[in-house]
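To start, the structure under review is shown below, and the notes come after it.
Protein chains get the first letters and strands the later ones, always in sequence-line order, with residue 1 at the start of each.
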Number of protein chains: 2
Amino acid sequence: MAERKREKSWQAGPVRIRVTLPGEPAAAPKERLTVDRIVDAAMGLMAEQGYDAVSMRSLAKALDTGPASLYAHVANKEEVDQLVLDRISAELVVPAPDPEHWDEQLRQVLRDMLALYRRHPGSARAAIGMIPSGMGALRTMEGLLAICDAGGISPQASAWFCDLAAAYVSAIAVEEAIWMQRANSTPPGAEPDHTAIDEQLRAMMEALPAAEFPLVTSMAGVMTAGDGDDRFEFGIAVLVAGLRAVSDTYR
Amino acid sequence: MAERKREKSWQAGPVRIRVTLPGEPAAAPKERLTVDRIVDAAMGLMAEQGYDAVSMRSLAKALDTGPASLYAHVANKEEVDQLVLDRISAELVVPAPDPEHWDEQLRQVLRDMLALYRRHPGSARAAIGMIPSGMGALRTMEGLLAICDAGGISPQASAWFCDLAAAYVSAIAVEEAIWMQRANSTPPGAEPDHTAIDEQLRAMMEALPAAEFPLVTSMAGVMTAGDGDDRFEFGIAVLVAGLRAVSDTYR
DNA sequence: ACCTGAACACCGTTCAAGT
DNA sequence: ACCTGAACACCGTTCAAGT
C-alpha cells in the first residue's frame, strides 16, 4: 500500500527530489492530496469494510492526513459519495438498442446495475437518496430510453420507468448490503447468504397462529423460496412486463 | 410536556405519594421509563425533526435521563427503529379481498403504505434494510396474499410480489424523506416540493450535449414531469400489471 | 430490577494558523 | 493554494456503582 503510493508519486506531477541522510529513516514522500486519491481511498475502504467504515476521518487516516485536509478538495461527505457513484457508474455499458429484444435488453441492463452495486460493496448505501446527476448515470438513462424507444414504449412511460427501475435496483442492493453487514464476519462482496436467514424466517412464519395468518403460515415455504437472484429475476420480469402493459395509458 | 408526565404518573401504576417540604422546589416526579415511552419519544422526535434527530442521546434527553438508562429497556438503536415500525405498521388496514377488484385493491394498499410513511416522517429511513418481522408487517403480508389469491395470482408470484412491493414503496418513501430533509427549513411531513427540484434538473438535462444525449435532452420535459404522486401512481400501475402478466410463469 | 455518571471510541465540520 | 492541529458539538454502547 505504502509501496504503491511511492510509485505513483514518481510517475505523476513534477519530479520531487528527496535527499535522505544516512541515519534518517526514509520518510515516505507524502503524495499530494487529490480528489481522485480521495475517491480511490473511499472505494477501497467500502470494498474492504463496508459503507459504514467510510468516514471523513477514516478516509483521512487511509490517506495519512487529518480530516480537515480533505475539505480543501471536497465540500463534504455527500460529495465523496457522489464522486464514488460517478466513478462506479462509468463501468456500466448499455448496449445499442435492438428492437427485437428490447425487453431482454432492459432486463439485462438492470441485472448489470445490480452486479455493479455488488461489485462495489457499500456503493448502494451511498446511492440512497442521491439524485443521479453524474455523467455515468445520465449515460445509463440515455441508453435505457433508447431501448424503451426501440420497444415502442411511450416517452412518458420510458422516462418514469428509469426512475422506477433505479429505485428498485438500488433498494435491492441496499437490502443485500445491509444483510451482508449484519451476517457479519462475512467479507463484503460476496452475495448474502439467503438460505440461512430464510430458514429462520420460514420457521418464524410457520410458528404463527394459523387462524390469524392462514396464508403466511401455509405459504411460508414459497415466501422464503429462492435466493437473491431468483427474486431479482422475478422483480425485473414484473417491471418490464408491467411497462409493456402500461405504456399505452401513459402517452 | 412536564405537565402531561405528571398526570400519567398518577393514572398508571401504584400510587406513589410524595411529600414536598415547604421550601423545597416541587421536583418533577420522574415517570418510570418504559419501552412504550421510548417509542413515543422516538416517533415524536422523528415527526418533528426527521430521522437523523433520533439518537439514543436525544431520545434520553427527551425522556429526561441519560442514554445509558435506555439500555435497560431496549437492546440498541436498531431495536428502537424496529419498535417504531411495529407501532406504525399497526395503523395500516388491509381490506377483505374482492375478486372483482383485486388489482385496484392491491394498488390501494400500496398507496396506503406510502401514506403511512409520509404520515410518520423519518419512519421510512428506519425501515431501510429492516426485515419486516413485526406483527403489523405480517398482517399486511397476510392481507396482500389474500388479495393476490382472490385475483388468481400464483402463490410464488404473490409471495415475491410482497417483497417487491415493499422494497419499491419504502425506496420511494426514503427518497422523499431525504429530499425533504435536504430542501431544508421545510417542516417534515409535507410532501417534498417536486416542482422546484425538477425545474433545476430539467434545465441541467437540457443543457447536456445533444449529440451525446439526444433522448435525455429532448425528453427533459417528460423526464421531470409529474409530482411524487404521479410517479408513484405509474409505479404501482407497472407493478400490478406486471404481476398479472408474469403470474403464470411463476407457478 | 432499574437507573446513573463517567468513560471509550468514534462521528462531520470549522477555523485560525502555518507553509 | 494547500495543509494542519485543535476544537466544537455530536454519536452508540459499556460498565461499575448506586438505589
Side-chain angles (χ1 to χ4, degrees), chain A residues 5 9 12-14 16 18 27-39 41-42 45-46 49-84 122 125-126 128-130 178 181-182 184, chain B residues 5 9 12-14 16 18 27-39 41-42 45-46 49-84 122 125-126 128-130 178 181-182 184:
Chain A
K5 271 190 200 164
S9 98
R16 282 179 294 145
R18 215 164 198 288
K30 249 194 191 174
E31 200 178 350
R32 284 182 118 277
L33 220 45
T34 64
V35 176
D36 265 352
R37 287 188 61 225
I38 293 173
V39 176
L45 279 174
M46 263 173 32
Q49 307 179 64
Y51 180 75
D52 289 326
V54 184
S55 65
M56 295 305 268
R57 297 180 111 100
S58 65
L59 222 37
K61 194 166 293 178
L63 291 163
D64 203 22
T65 38
S69 303
L70 303 175
Y71 288 87
H73 300 90
V74 293
N76 49 34
K77 173 131 204 288
E78 197 185 320
E79 188 172 311
V80 175
D81 286 348
Q82 186 68 257
L83 288 166
V84 166
R125 295 270 311 269
I128 290 179
M130 216 67 115
I178 292 180
Q181 210 153 16
R182 199 157 309 167
N184 218 347
Chain B
K5 271 191 201 163
S9 100
R16 281 179 294 146
R18 217 168 195 284
K30 251 195 189 174
E31 199 177 349
R32 283 182 119 275
L33 220 45
T34 64
V35 176
D36 266 352
R37 287 187 61 226
I38 293 173
V39 176
L45 279 175
M46 262 173 31
Q49 306 178 64
Y51 179 75
D52 290 326
V54 185
S55 67
M56 295 305 268
R57 297 179 111 99
S58 66
L59 222 37
K61 194 166 291 178
L63 291 164
D64 202 23
T65 39
S69 303
L70 302 175
Y71 288 86
H73 300 91
V74 292
N76 48 35
K77 173 129 204 290
E78 196 185 319
E79 188 172 311
V80 175
D81 286 348
Q82 187 68 257
L83 288 165
V84 166
R125 295 269 310 268
I128 290 181
M130 216 67 116
I178 291 179
Q181 210 152 16
R182 199 158 308 167
N184 219 347

Grab the CD-P distance between A:Q49 and C:dC10 for me, whole Å please.
-> 11 Å

Look through every strand shown and name the nucleotide pairing with D:dG12 as Watson-Crick or G-U wobble, where both distances are under 3.5 Å.
-> C:dC8

Would you mind reporting whether B:M56 and B:V74 have side-chain heavy atoms less than 4.5 Å apart?
-> yes

Where each residue is assigned the nucleotide of DNA chain C containing its nearest heavy atom, which of B:R57 and A:E78 is assigned the position nearer the 5′ end?
-> B:R57

Of the listed C:dT14, C:dC2, D:dT13, the closest approach to the B:P67 side chain comes from D:dT13

Which base, if any, makes a Watson-Crick or G-U wobble pair with D:dG18, both distances under 3.5 Å?
-> C:dC2

Separation of B:K77 atom NZ from C:dC11 atom P, in whole Å?
-> 17 Å

Take atom CG of B:N76 and atom C1' of D:dC15, then tell me their distance rounded to the nearest Å.
-> 17 Å

Can you tell me the distance, in whole Å, between the CG atom of B:L63 and the P atom of C:dC2?
-> 16 Å

Just how far, in rounded Å, is C1' of C:dA16 from OH of A:Y71?
-> 17 Å

If we take the P atom in both C:dA9 and D:dC10, what is their distance in whole Å?
-> 22 Å

Round to the nearest Å and state the distance from A:L45 atom CG to C:dC10 atom C1'.
-> 15 Å

DNA chain C: 5'-proximal contact among B:L70 and A:A75 (nearest heavy atom) = B:L70

Think A:H73 has a side-chain N or O under 4.0 angstrom from the OP1 or OP2 of D:dA1?
-> no

Nearest to the side chain of B:L33, which nucleotide is it out of D:dC11, C:dC11, C:dC3?
-> C:dC3

Rounded distance (nearest 0.5 Å) linking atom OG of A:S58 with atom CG of A:D52 = 10.0 Å

Given D:dT13, C:dT13, D:dC2, which nucleotide is nearest the side-chain atoms of B:M56?
-> D:dT13

Of all the nucleotides listed (D:dT4, C:dG5, C:dC11), which has the minimum atom distance to the side chain of A:A68?
-> D:dT4

Calculate, to the nearest 0.5 Å, the distance between atoms CG and CG belonging to A:L70 and A:N76 respectively.
-> 11.5 Å

Which of D:dG5, D:dC2, C:dT4 is nearest the side chain of B:T65? It is C:dT4

Rounded to whole Å, the CG-P distance (A:L59 to C:dT13) equals 12 Å

Output for pair (A:E78 CD, B:I178 CD1), nearest 0.5 Å, gives 9.0 Å

A:E79 side, atom CD; A:I38 side, atom CD1 - distance, nearest 0.5 Å | 9.0 Å

Side chain to side chain, A:R125 and A:D81, heavy atoms closer than 4.5 Å | no

Expressed in angstrom and rounded to an integer, what is the separation of A:K61 atom NZ from C:dA9 atom C1'?
-> 10 Å

Pick base, sugar-phosphate or nothing for A:S55, based on heavy-atom distances below 4.0 Å to the nucleic acid.
-> sugar-phosphate

Out of C:dT4, C:dT14, D:dA7, whichever nucleotide has its closest atom nearest the side chain of B:S69 = C:dT4

